[in-house]
Each structure stands twice: as C-alpha cells, then as structure tokens.
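Take a look at the structure below.
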Amino acid sequence: MWGPYVGQMVLDDLGSSLRGTLDSLRGKSRIDEEDVEEVVKEIQRSLLQADVDVSLVMELSDSIKERALEEEPPGGTTARDHVLRIVYEELVGLVGESTELPLEEQTIMLAGLQGSGKTTTAAKMAWWFSKKGLRPAVIQTDTFRPGAYEQAKQMCERAEVDFYGDPDEDDPVKIAREGLAATEDADVRIVDTAGRHALEADLIDEIEEIESVVEPDRSLLVLDAAIGQGAKDQAQQFEDSVGISGVVITKLDGTAKGGGALTAVNETDSTIAFLGSGETVQDIERFEPDGFISRLLGMGDLKQLTERVERAMEETQAEEDEDWDPEDMLEGEFTLKDMQRQMSAMSNMGPLDQVMDMIPGMGGGLMDQLPDDAMDVTQDRMRNFEVVMDSMTDEELENPRSVGASQIRRIAKGSGQGEETVRELLEQHKMMARTMKQFQGMGDGDMQRMMQKMQGGGGGGGGGGMGGMGPFGD
C-alpha cells in the first residue's frame, strides 16, 4: 500500500544539518564573510560525512563562497534565501544529470555485481514503466545465483508485470534469446543479467554475449549505495568493458555513504536513471536532480508530489465500486464516505512523512522539529478511523451528525476501538467538513492565490510560508 520514496532517505542527516546552517542566516538582510565562512564550513562537514569526495567538497564550497560574496541578491531577497539558492544550484550541479529515458518501446539491459540489487531493480523498473502506461516484461537470465529465478518471478508477480525465465536452462544467452521471443508483445523489455563478486573476465564475456543477442537500446549499471565513492571505479570498469547509458543507485535507505555514490557517478561522466530503496516494488523513483536537492534542503518537490497524488487518485478510484470524482466533495454535504475515500487516497500516496517532505514548507526544517514517531501516530489514527468506519452503517456514514451516544457505544464495541476514538473520528470529520465549506465558497481567483501562497510565489519573493522557495519558485 505504501508508495515509493527515496528522496531524503539516509541523506536525512545531510539535509537537516544543511538546513540548520542556513537557518543561522535567518533575519539577516546582508551577509558578511564571517557568515559565509560559517555556512561553508558546515556544508563541508555535512558533505564529508555523507562520503562525498574531498576534492569535490572543496571545489563546491569555494564556488558557494565566491558566489555568496560576489553575487548581488535579487531585490527583496533575504540573505538566507540568497545563499539557499546558491547552495541549491551548486548541489544540483554536483549530483549531475538524470539519464535520458524516453517513454517508448525499448530494451534495457541491467548489469552489476552480485548483491547490488539488480533483480529487485528489474521488477521495480517494470512497475514504474507500467505506471507510465507502457507494458513491461522482465527477462531473467541469471543462472549463476541460486534463487535468482524464484526471486525475480515473485517480485514480478507483486509488480503485476510479465516475466520470463527458465530455471532448467544453464545457458543465459539461450534464455535471453527465448525470452525476447516470448515477450515480443511487451513495450519495454528489461533483461536482468548475472553478477559476480568482482568484475571478472567471465562476467564480462557473459554480459557481452547477452548484449549481442539482446541488442539493448540502453544498458544500466546497478550500484549499491553502500559502496560510496567506490561507485566511481565500478562505473568506470563497466563503462570500459560493456558501456553503460546510466546508473541505478539502490539501497539508499541503509547507508551513510549515499552522497559518495551519488556524486561518484557524476564524476565518471555517467548519469543517474533511478534511485531505489526499500523492499517493495514501489520503492523506486526516477532521479530528478532539482527535485531531489530541493527536498534535501526542505523546499519540497511539487513534481513528485503531483505524480504521487495522481497515482493515489487512480488507485483509490480503482478500489471504488462506483466512479468517484474528488471534486464531488466540493459540492453538497461532505460525508464520512468522502472522508473515507480521502483517507484511502492518502494511504495510497505513501507514508505521511514522505508526503510532507514533498510539500514546500512542510518538509525539511518543520519535520526536523517533530518527534520521530509523530507521523506514525497519525498513520495509526488513520488506520483506527478506518476500522471504526467499517463498523458503521451506510446511513451513519452519510449522516455522521445523526450519530448519538448509543450508536457511539455500538460502533466502539463492533470495531474493537474505544468510544474516544469514535468521537475523535466524528470531531475530525466536523473539522474537515468546515474546511470543505471554505473551499466551496472560493472562486478560481481565491484558489490560485492560495496555491501561490503555498508555493511561496506570493509577495516579494521571500518565500515566507514554505522554506524559502520563493526566489526561484519551482
């Protein structure tokens, strides 16, 4: 049920220390050399801790320092926003480009060492393409690792995508050839290859043979984030031997070396195609440098948020028996059924803390101040509310105001929840209904003004309400 999200992952520490540093500039309209020295020193410390190469860190911090002191802030911009913009632009440059990946018919071959997460990545990528409206298929050619076939098959079933493999065949080239024939109806074919513990001659030979049969449109290298700066050597070796079009960095949620892997890839003139974390097929994200850094600095990521909202709405509607348009809630009475649908849509969007990070001004610094379990509590409450609503009659769901004390007792008993939870739900509904009423009275102009305010576009570009996004409003 939880959706994909990689953004802040283990680089959380990096994000919160960078945000803390920039916050030290709050309230200043001008900055002097001492301020800049302080900020740069903190940025150096944060990046080195995230395993970014020393020479890169020095290059970046010199550039930030020079720009912060020499460039004139745009009119009405605070010192903090001016430096934030420079840090943002320099970090986007540091992590590099996103691999070009057209949404069209293609064959993609995955390469990488054993344990890098290729098999999981194949299924995740297939899921991602299926959500983009293409029909993917995974071809599993790894005959070297016991269990590779079974794992790939299970992951593809979870991703609800086509799969081809042959557990009784020892020749990976033959599997590749037969797999291509068996999946010719697919739009995107993802060919998973075997790995070894190191890039040995027999692995190169095998990949080259498979490549000559598959003739992939692009080959992606799968790298485990835990290798940090070692990503540089691996990317270079694979590039020299089989050629790579882009890189997928996996397991970003379990290592402090994520910054090393991200920046090392850029240093080899490679680009990053996807970021992966977690075990489920949805835990994959297309690498978008600006959104990624924007989230890291607590400035939100509206593009990812929009994609996630759209997908959640589709999934919510697919779960419903009848067609439901979210805009219906802005007309007529806001019922508990509407609230149930809204909660279901939120569940489909993924964990709340991840969603919050994508909303300008909600993630980042604000999240740093919340206790770690604050969002879990909210998720638990949502689950409890769902259980309560399952014990209510249609009449009660349509007319929550009619629910009296005896009904509350019955609902609490039937759902196994306390009466307090039932009352909380009714109270929550009342609040949401009031909010909906306000929306109903809004004209298009009001709505646009409110969205502008959320995105920090209002006023003199100070970005007040949303973490300083104003000066470069994306």
Side-chain angles (χ1 to χ4, degrees), residues 1-3 131 160 280 282 305-356 358-359 362 370 373-444 446-447 450-451 454:
M1 160 163 96
W2 303 124
K131 290 295 170 192
E160 297 178 356
T280 73
Q282 296 100 325
L305 183 66
T306 308
E307 273 195 17
R308 195 181 272 224
V309 169
E310 282 169 2
R311 195 166 57 235
M313 284 304 181
E314 279 168 26
E315 286 172 14
T316 308
Q317 285 174 343
E319 289 161 12
E320 293 284 328
D321 295 335
E322 73 250 38
D323 276 345
W324 171 67
D325 184 342
E327 289 190 15
D328 291 349
M329 290 191 300
L330 295 179
E331 293 162 18
E333 200 60 37
F334 177 73
T335 70
L336 269 172
K337 277 191 173 171
D338 291 322
M339 183 171 160
Q340 203 169 20
R341 286 168 181 140
Q342 225 181 36
M343 281 165 51
S344 170
M346 280 188 74
S347 291
N348 284 332
M349 279 174 72
L352 285 173
D353 53 347
Q354 298 179 0
V355 176
M356 294 277 278
M358 295 178 188
I359 303 171
M362 294 299 277
L370 290 174
D373 59 356
M375 284 297 155
D376 296 341
V377 173
T378 316
Q379 273 155 10
D380 285 345
R381 276 186 70 195
M382 272 172 62
R383 276 192 281 271
N384 292 343
F385 285 169
E386 280 174 19
V387 172
V388 168
M389 286 191 274
D390 285 343
S391 289
M392 295 171 86
T393 64
D394 276 352
E395 170 62 27
E396 288 162 347
L397 290 169
E398 291 289 355
N399 300 300
R401 291 176 194 282
S402 67
V403 176
S406 60
Q407 285 156 296
I408 288 175
R409 278 196 295 278
R410 191 208 80 240
I411 295 163
K413 204 172 173 186
S415 62
Q417 299 288 327
E419 288 181 29
E420 195 47 48
T421 308
V422 183
R423 285 196 189 90
E424 264 182 42
L425 168 68
L426 294 169
E427 199 48 51
Q428 182 78 32
H429 165 263
K430 235 183 254 173
M431 270 169 49
M432 286 173 78
R434 271 203 300 273
T435 310
M436 287 297 160
K437 273 263 186 304
Q438 286 174 325
F439 277 127
Q440 283 174 0
M442 271 190 178
D444 282 350
D446 299 319
M447 195 71 92
M450 191 187 76
M451 288 306 288
M454 265 184 75

Salt bridge (Lys or Arg N to Asp or Glu O under 4.0 Å) assessment of Arg423 paired with Glu427: CA-CA 6 Å; Arg423 285 196 189 90; Glu427 199 48 51; over 6 Å; no
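Residues Val403 and Ile408 are in side-chain contact: their nearest non-hydrogen atoms beyond the backbone lie under 4.5 Å apart. Proximity of Glu396 to Arg410: side-chain heavy atoms (C-beta onward) are separated by under 4.5 Å at one or more points. Phe385 places none of its side-chain heavy atoms less than 4.5 Å from the side chain of Gln417. Under the 4.5 Å side-chain criterion, counting only non-hydrogen atoms from C-beta, Asn384 is not in contact with Glu424.
Shown here for Leu336 and Met389, the closest heavy-atom pair between the two residues is O-SD, 3.8 Å. Closest approach of Ile411 and Ser391 over heavy atoms only: O-CB, 4.0 Å. Between Gln407 and Ser402 the shortest heavy-atom distance is OE1-O, 3.2 Å.
Side-chain contact check for Gln282 and Thr280: at least one donor-acceptor pair (N or O, by modelled atom type) lies under 3.5 Å.
In this structure, OG1 on Thr393 lies 9.0 Å from CG on Asn399, to the nearest 0.5 angstrom. The CG atom of Leu426 sits 8.5 Å away from the NE2 atom of His429 when rounded to the nearest 0.5 Å.
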